[in-house]
K.L.:
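Dumping the structure here so I can ask a few things about it.
Note that ligands are numbered from 1 as they come in the structure, with each ligand's atoms numbered from 1 the same way.
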Amino acid sequence: MRVYFDNAATTAMDDRVIEAMLPYMKLHYGNPSSVHSHGRQVRSAIEKARKKVAELLNAAPSEIFFTSGGTEADNTAIVCGIETYGIKHAITSPIEHHAVLHTLEECAKKGKIKLSLLDVNPKGEVDLQQLEALLQANPNSFVSLMHANNEIGNINDIETIGELAKTYGAFFHSDTVQTMGHYAHDLKNLPIDSLVAGGHKFHGPKGSGFLYVKKDKKIHPFIHGGAQERNMRGGTENVIGIIGIAKALELAYEDMDGHRKHIESLKSRFIELLKENIPGIEFNGKSADLKKSLYTVLNVSLPPSEENRGMLLFNLDLHGISASGGSACSSGATVGSHVLRALGHDPERESVRFSFSRFNTAEEVDYTVEKLKELYTVNV
Ligand SMILES: Cc1ncc(COP(=O)(O)O)c(C=O)c1O
């Protein structure tokens, strides 16, 4: 059996997304900036995709900018939000994705901003009182706090954070890469200035994404060049990526509740079976709390075991199970997770992130627990 439980890293593309993209590879190859009919046909498809994304998120089409993914969208919002508004102080947390953390650290290194990191407790909760105190002390700050954490699944209350930011006149950006397509976002009513998406996290193509920027918080472009994306992102558009991400989002919204119920049932089955079968199992962050964590992520901390030390992901892979030890972008590398480190996680314990999609099954959960049990019964 081959099991894919690394959906927070990337997801399999939905066949219907591929079908929607194919004509733009085979037939409609015009450059959307060309004024002839080949170009106009493709331009119209891009604008239709933008309208669809905007409709689903209750935003205006003029607030959506297509990018190459979540990383570029985060970089754009952060670097250009800070520049446009002459911001000198930014606030984030040590458990953000590197797309946010490294970008802000770079801004600080260049002397553009002073960077404040919020405290996080061992459960991965950020200190919102500290956030308020920092906002009070530093008017015109930039706040970047993610909606849901990609490693431990903790969900931040972005409404409360957004209201706080608004009260103290801060720019609020949220990395929503892990919730886009899995939770409904109502952007007209959410106090948020910018957020981002990566299409490959919800069965769309890799290298596709978008940035949302609220109408009244316009920012400068990040990539200069042609007038594409209304002068916000130079470069010929990734047409197939744009068609693909819009279709993937449409499909995600078509049956979001159904997908959620299915995935939640897999996650709670997984938690129960692990508790029954692996003595000493723990769960990192709040990932075992179905109400307070991303339903697609379960981060498991296993008891110390000499045989599995540093080898657990490899051992799972030998049994056909693909999971990861932290963020996708650093899985494969031997560096530990900065998120688990910030939570003070015991390095003697192996951690595995299992992340699910609507394509997973209960049989896959049962098989994985059975294999984990074998690994831990034989080896402990
Ligand atoms: C929370 C979060 N932000 C940003 C990214 C980067 O997105 P992309 O791969 O689309 O550049 C990821 C991808 O793992 C993520 O999980």
K.L.:
Is K188 atom NZ crowded by more than 12 heavy atoms from other residues, nucleotides or ligands, each under 6.0 Å away?
P.N.:
yes

K.L.:
Any N or O on A99 sitting closer than 3.5 Å to an N or O of ligand 1?
P.N.:
no

K.L.:
Does only the side chain of M146 get under 4.0 Å from ligand 1, or the backbone, or both, or neither? Count heavy atoms.
P.N.:
side chain

K.L.:
So, for A12 and F359, which heavy atoms are closest and what is the spacing to 0.1 Å?
P.N.:
O-CE1, 3.9 Å

K.L.:
Would you say the side chains of H200 and T11 form a donor-acceptor pair under 3.5 Å?
P.N.:
no

K.L.:
Mind checking whether H200 has a heavy atom under 4.0 Å from ligand 1?
P.N.:
yes

K.L.:
Is the ring centre of F270 less than 6.0 Å from the ring centre of F5?
P.N.:
yes

K.L.:
Identify, by atom number and element, the atoms of ligand 1 in contact range of G69, meaning under 4.0 Å from any of its heavy atoms.
P.N.:
10 (O)

K.L.:
Which of the numbered atoms in ligand 1 are under 4.0 angstrom from any heavy atom belonging to T71?
P.N.:
6 (C), 7 (O), 8 (P), 11 (O)

K.L.:
Using the rule given for ring-ring contact (aromatic ring centres under 6.0 Å, His included), can you reason through F142 versus H89, listing the C-alpha separation, both sets of side-chain angles and the distance that settles it, and then say yes or no?
P.N.:
CA-CA 6 Å; F142 188 94; H89 177 251; over 10 Å; no

K.L.:
Out of T10, D175, T67, V100, whose heavy atom is nearest to atom 1 (C) of ligand 1?
P.N.:
D175

K.L.:
Classify the contact between E72 and ligand 1 as side chain, backbone, both or neither, using a heavy-atom distance cut-off of under 4.0 Å.
P.N.:
neither

K.L.:
Do E237 and R43 sit within salt-bridge range, that is, some charged N less than 4.0 Å from a carboxylate O?
P.N.:
yes

K.L.:
Heavy-atom distances under 4.0 Å decide this one: backbone, side chain, both or neither, for V177 against ligand 1?
P.N.:
side chain

K.L.:
Do the charged groups of E47 and R50 touch, with an N to O distance under 4.0 Å?
P.N.:
yes

K.L.:
Please indicate whether any nitrogen or oxygen in K201 is less than 3.5 Å from any nitrogen or oxygen in ligand 1.
P.N.:
yes

